[in-house]
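See structure below.
Every heavy atom of this structure was used, including side-chain atoms; hydrogens, water molecules and symmetry mates were not. In what follows, chains carry the letters A, B, and so on, assigned in the order in which the sequence lines appear, proteins first and then strands, with residues in each chain numbered from 1.
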Amino acid sequence: METAEKYNHRLIEPKWQKRWEEANLYRAIDFDKRPKKYILFEFPYPSGERLHVGHTFSFTGTDVLARFSRMNGFNVLLPIGWDAFGLPAENYAIKTGINPMITTVKNIANSKIQAKHLALSLDWEREISTTEPAYYRWTQWIFLQWYKKGLAKKVEMPINWCPRCKIGLANEEVVAGSCERCGAEVTRKRIKQWVVKITDYADRLMEGLSRTDFIEKVKAAQINWIGKSEGAEIEFAIKGRESKIKVFTTRPDTLYGATFMVLSPEHEIVDQINNDEVKHYVEKSLKKSDLERTDLAKEKTGVFSGLMAVNPVTGKEIPIWISDFVLSTYGTGAIMSVPAHDDRDFAFAKKFGLPIVPVIAAKKEWDFTKAPYLETEKGTSINSEEWNGLPTGEAIKKAVQWLEEKKIGQKTVSYHLRDWIFSRQHYWGEPIPIILCSKCGEVPVPESDLPVELPKVENYQPTETGESPLAGIEGWVKTVCPQCGGPARRETDTMPNWAGSDWYFLRYLDPRNSKAPVDLKKAKYWLPVDIYVGGDEHNTLHLLYSRFTYQFLWDQGFVPKEHPEPYYKRLSHGVILGSDGQRMSKSRGNVINPDVIWEAFGVDALRTYLMFMGPFEGTMTWSQESMEGCYRFIKRVWGLVIGKCELEAEKKAGSGNLNLKRKLHQTIKKVGEDIARMKFNTAVAAMMEFVNVWQEENSELAKEDTGKFLQILAPFAPYLAEELWERLGNNFSIHATNWPEYDKVLIREEMVTVVVQVNGKLREKLTIDNEKREAKDEIEKLAKESERVRKYLADKKIRKVIFVPGRLINFVV
RNA sequence: GGCCAGGUGGCGAAAUGGCAGACGCGUAGGUCUCAAAAACCUAUGUUUCGAAAGAAACUUGAGGGUUCAACUCCCUCCCUGGCCACCA
């Protein structure tokens with residue numbers, strides 16, 4: 001007996017990859033009449049390790065959706081690019097001396113081979129890289145627009161500083177107060193940094209969310225990060241001095257309970273205090289890293305300033321303390337302390353023996369000398385003179401009114417969001433396009449001179465002074481002032497990684513434009529991004545910076561006024577853990593390399609498994625056995641269809657089995673609905689179910705119907721579907737066909753199962769003709785006649801009968 | 001501490017008010033084979049009764065509630081994961 005041809009992915013994959021590329025099958029067409037759909041995944045960082053299985057997972061899910069949308073008549077844009085600036089490339093350069101541009105180009109080439117092999121239906125004509133001068137020219141241009149509008153400024157601020165490496169460190173690089181590289185104790189250093197005023201857009205960034213369809217958790221994360229809180233600013237007079245101290249509080253109604261004040265060590269008043277103890281404390285605090293200062297476990301420290309303030313409502317003198325638990329970056333950098341109703345204030349009061357006055361009535365027994373009373377949101381004021389007895393909401397209103405009348409305070413809003421520190425003292429980033437002239441001061445590089453290209457350097461190590469390595473290249477730094485023509489120097493700070501990734505989605509729409517970041521008409525056609533798929537780790541910073549940048553460009557008219565928000569829907573993709581249930585990492589040795597998998601089982605099996613593993617947003621554990629289960633599924637489909645082809649040669653097209661045909665149409669419906677809801681796992685399950693029935697029914701599927709099944713499988717297993725589509729004698733390409741329609745009449749089952757319950761418990765199942773699904777009386781009669789039901793109904797009185805057509809009948813006795 | 005997402009067989013998971021456990025993995029038995037692998041077939045939530053066919057009860061983190069009916073809705077609590085965190 002001759003054996004049927006076996007499935008061999010190694011033969012079909014290269015063949016179709018080539019055909020697809022030649023046919024340019026997935027090009028997105030500007031201004032096409034079909035409805036557009038812009039589907040975007042976060043562009044990858046091309047590291048030396050190339051794409052990992054996490055990338056293949058989220059890219060495949062996005063690709064399935066894109067392919068499905070295309071088959072449903074949409075003009076789909078699915079682009080890719082490379083977020084190629086950043087520290088790993090720079091660190092590699094420091095180690096090896098090889099220019100990051102060289103390694104980047106190499107890594108991109110590798111990743112590209114992988115992305116193509118994975119059969120992503122990308123429009124490669126729109127490929128971009130943030131490190132290309134033609135791209136970062138516009139990243140720099142956006143900076144200049146901020147600068148023009150006064151949103152980008154150079155400000156002196158403290159950074160984490162390693163005195164041994166002589167380098168500024170990001171918060172992540174500080175481990176337990178020490179430098180990650182050398183272990184030296186990290187101190188604070190004040191340097192001038194570029195800062196972008198994202199806080200000006202705090203309200204807009206919150207309001208804009210209502211125009212999006214982000215999943216709830218993303219909206220919540222953004223709102224939390226912006227952290228708007230309404231409250232009041234109150235001025236406290238200092239005894240024996242002219243100056244006053246402003247505090248921010250969300251609870252002006254507790255003013256009677258404010259028994260002391262605390263200033264942050266950075267507060268301006270502190271500088272004016274001439275007291276050794278204070279100086280010593282402040283010096284020590286300023287040296288501490290952010291991490292140390294915000295360590296919750298540590299005991300409160302502090303020092304008395306020697307000054308007294310006056311509580312404006314009680315007229316009493318209260319001491320002013322200094323402590324590093326008060327943040328200089330939030331509110332006014334000073335607080336009024338109400339120890340009776342705040343954890344931190346209470347701890348501080350206890351430690352330094354300060355008075356505690358309760359001002360909110362406790363609803364349970366409470367000893368205010370032992371613990372603070374914190375459930376104050378719906379409380380009632382006490383010990384507060386004219387505010388006594390008022391519920392908190394009323395008391396706040398009354399307090400604000402009083403403060404405003406006396407002109408010592410007013411209603412204000414405070415945000416958690418801080419301005420965006422835009423300077424990096426590193427090499428591998430976009431140079432900030434500013435020139436420093438000794439005569440004219442800060443001068444922006446004229447737009448016509450952009451891009452300011454990153455020069456080649458010999459040494460990528462930051463300098464002794466903490467400046468970026470660019471500072472060491474005299475030939476580049478020395479320039480002429482564009483205003484006066486005199487000698488000047490270039491800014492040597494570079495931009496953060498976020499700068500290039502802020503606006504990349506705009507560049508995809510018009511990647512070769514040399515007049516503007518994006519053409520307005522093209523942007524009007526394609527925007528907003530319909531679906532943006534990314535990781536949870538980017539739900540705050542990246543998404544917020546990106547929305548801010550877009551809103552700013554919108555204000556300036558550089559993006560279409562029809563689209564005030566860039567992204568319509570945001571979805572977060574899940575995470576794949578190693579087979580040990582741990583995060584994949586080289587040191588654990590649990591990394592799954594997609595190349596190895598598709599070499600063994602083929603891309604189609606890998607894609608199918610990735611989609612089948614679990615919900616798209618979930619956390620999933622890699623299972624090699626389950627992977628092989630999907631490989632079996634792919635091979636089974638191959639066997640069935642190839643068998644079919646051979647059968648056909650003898651038998652010609654049959655009409656096929658009606659049951660199987662019904663199952664097929666039900667599957668077409670289910671798979672389509674599931675993909676639209678991003679429920680890829682159940683879509684794959686439905687196809688498996690169909691294949692099981694197919695196998696049982698002995699291949700009695702008409703040729704045309706076999707083709708329909710391949711069409712719904714195509715988004716998941718593009719190679720297999722294309723190959724078998726051809727073998728069935730169809731024209732290239734299955735991926736350019738329309739999604740098959742299902743027969744609304746055919747999908748109805750002839751028989752339905754009606755569940756018979758007694759008091760809600762399942763007692764019997766009846767199989768009835770679907771035509772009779774509404775026939776309540778008949779079904780009730782049938783049910784009562786059943787032996788098993790009778791047992792439970794015997795000598796009981798039926799109080800009620802619940803009937804759900806086609807589903808159940810429930811006797812309540 | 002705050003916010004968010006979860007908790008269902010041996011495992012990954014389905015079901016969003018109407019047959020809990022679809023689909024896949026694993027396991028056991030079988031077919032094929034000299035043998036093995038592959039492939040295919042059958043069984044597979046737990047407990048109890050029964051020689052068996054079969055029958056009964058229990059079962060979605062715990063407890064309560066709403067409902068004829070709850071994995072699903074409401075309340076209280078426990079646990080796990082993620083993000084943020086001395087934010088006044």
Side-chain angles (χ1 to χ4, degrees), chain A residues 6 215-221 223-225 227-229 231 247-251 254 258 261-262 264 293-298 300 323-327 329-338 341-345 347-348 374 414-418 535-537 539-540 572 574-575 577 581 608-609 612-615 617-630 632-633 635-636 639 670 679 681-692 695-696 753-765 788 798-804 806-813:
Chain A
K6 275 203 181 134
I215 45 173
E216 240 357 90
K217 76 165 165 184
V218 177
K219 283 192 184 181
I223 289 169
N224 267 337
W225 189 265
K228 182 176 184 170
S229 47
V247 303
F248 173 75
T249 176
T250 52
R251 295 298 296 273
T254 61
M261 296 182 79
V262 189
S264 71
R293 284 212 22 199
T294 56
D295 180 6
L296 274 160
K298 93 170 187 228
K300 298 259 178 299
S323 172
D324 63 9
F325 85 84
V326 176
L327 305 174
T329 46
Y330 183 77
T332 60
I335 60 163
M336 63 177 215
S337 277
V338 185
H341 305 291
D342 182 278
D343 256 336
R344 298 148 303 171
D345 293 352
F348 198 82
L374 301 172
S414 201
Y415 298 92
H416 172 189
L417 183 71
R418 298 191 206 168
D536 275 342
E537 69 275 21
N539 283 346
T540 44
S572 44
V575 178
L577 305 175
T608 306
Y609 173 55
F612 181 63
M613 286 180 93
E617 330 76 58
T619 306
M620 291 150 300
T621 304
W622 180 269
S623 153
Q624 190 70 18
E625 288 84 5
S626 294
M627 168 67 237
E628 287 173 30
C630 288
R632 275 201 276 276
F633 167 70
K635 282 194 292 187
R636 198 176 297 175
K670 169 100 177 122
K679 295 265 188 184
N681 53 337
T682 51
V684 174
M687 288 188 286
M688 286 174 167
E689 214 174 307
F690 170 73
V691 167
N692 288 343
Q695 194 151 320
E696 281 160 30
T753 305
V754 175
V755 170
V756 184
Q757 296 180 335
V758 177
N759 281 348
K761 288 209 167 174
L762 173 71
R763 293 305 174 192
E764 178 66 296
K765 290 179 192 180
R788 299 170 38 147
I798 297 172
R799 286 217 322 260
K800 205 170 168 187
V801 180
I802 312 277
F803 177 72
V804 183
R807 280 200 181 270
L808 67 81
I809 183 155
N810 186 11
F811 297 103
V812 186
V813 298

Nearest-Å distance once atom [atom1] is located in both [N] and [M]:
| N | M | atom1 | result |
| --- | --- | --- | --- |
| B:C19 | B:A88 | P | 47 Å |
| B:C11 | B:U27 | C1' | 11 Å |
| B:U8 | B:U67 | C1' | 22 Å |

### N or O in side chain of A:N681 less than 4.0 angstrom from B:A14 OP1/OP2
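Looking at the OP1 and OP2 atoms of B:A14, one of them is under 4.0 Å from a side-chain N or O of A:N681.
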### Message
I want to check one thing: is the phosphate of B:G24, taken as OP1 and OP2, less than 4.0 Å away from some side-chain N or O of A:N692?
### Response
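For A:N692, the contact criterion (side-chain N or O under 4.0 Å from OP1 or OP2 of B:G24) is met.
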### Query
When all nucleic acid strands are considered with a 4.0 Å heavy-atom cut-off, which category describes A:T621: base, sugar-phosphate, or nothing?
nothing
### Task
Could you tell me whether A:D342 contacts a base, only the sugar-phosphate backbone, or nothing, with contacts defined as non-hydrogen atoms closer than 4.0 Å?
nothing
Closer than 3.5 angstrom, by distance alone: can the side chain of [X] be matched with the main-chain N or O of [Y] as a donor-acceptor pair?
| X | Y | result |
| --- | --- | --- |
| A:Y609 | A:S623 | yes |
| A:S264 | A:G333 | yes |
| A:N759 | A:V813 | yes |
| A:N539 | A:V218 | no |

Taking pairing as Watson-Crick or G-U wobble with both contacts under 3.5 Å, can you name the mate of [N], or confirm there isn't one?
| N | result |
| --- | --- |
| B:A69 | none |
| B:A35 | none |
| B:G54 | B:C49 |
| B:G29 | B:C41 |
| B:U60 | none |
| B:G81 | B:C4 |
| B:C86 | none |
| B:A20 | none |

### Query
Does some side-chain heavy atom of A:M688 sit less than 4.5 Å from a side-chain heavy atom of A:F612?
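They are in contact (side-chain heavy atoms under 4.5 Å apart), so the answer is yes.
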### Message
Could you check whether the side chain of A:K800 and the base of B:C68 have a donor-acceptor pair of N or O atoms closer than 3.5 Å, going by distance alone?
### Response
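Checked by distance alone, the answer is no.
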### Query
If you take atom types as modelled and just measure distance, does the side chain of A:K300 reach the base of B:C86 with a donor-acceptor pair under 3.5 Å?
yes
Among the candidates [options], find the nucleotide nearest to the side-chain atoms of [X].
| X | options | answer |
| --- | --- | --- |
| A:V755 | B:C4, B:A88, B:C19 | B:C19 |
| A:R763 | B:A57, B:C25, B:C19 | B:A57 |
| A:L327 | B:G24, B:G18, B:A88 | B:A88 |
| A:A685 | B:G18, B:C23, B:C84 | B:C23 |
| A:W225 | B:C84, B:C25, B:C3 | B:C84 |
| A:R344 | B:A15, B:C3, B:C86 | B:C86 |
| A:F325 | B:A22, B:G24, B:C86 | B:C86 |
| A:Q695 | B:C23, B:A15, B:C40 | B:C40 |
| A:S626 | B:A22, B:C25, B:A13 | B:C25 |

Just how far, in rounded Å, is [atom2] of [N] from [atom1] of [X]?
| X | N | atom1 | atom2 | answer |
| --- | --- | --- | --- | --- |
| A:K761 | B:U59 | NZ | C1' | 11 Å |
| A:R632 | B:G24 | CZ | C1' | 9 Å |
| A:D536 | B:G6 | CG | C1' | 13 Å |

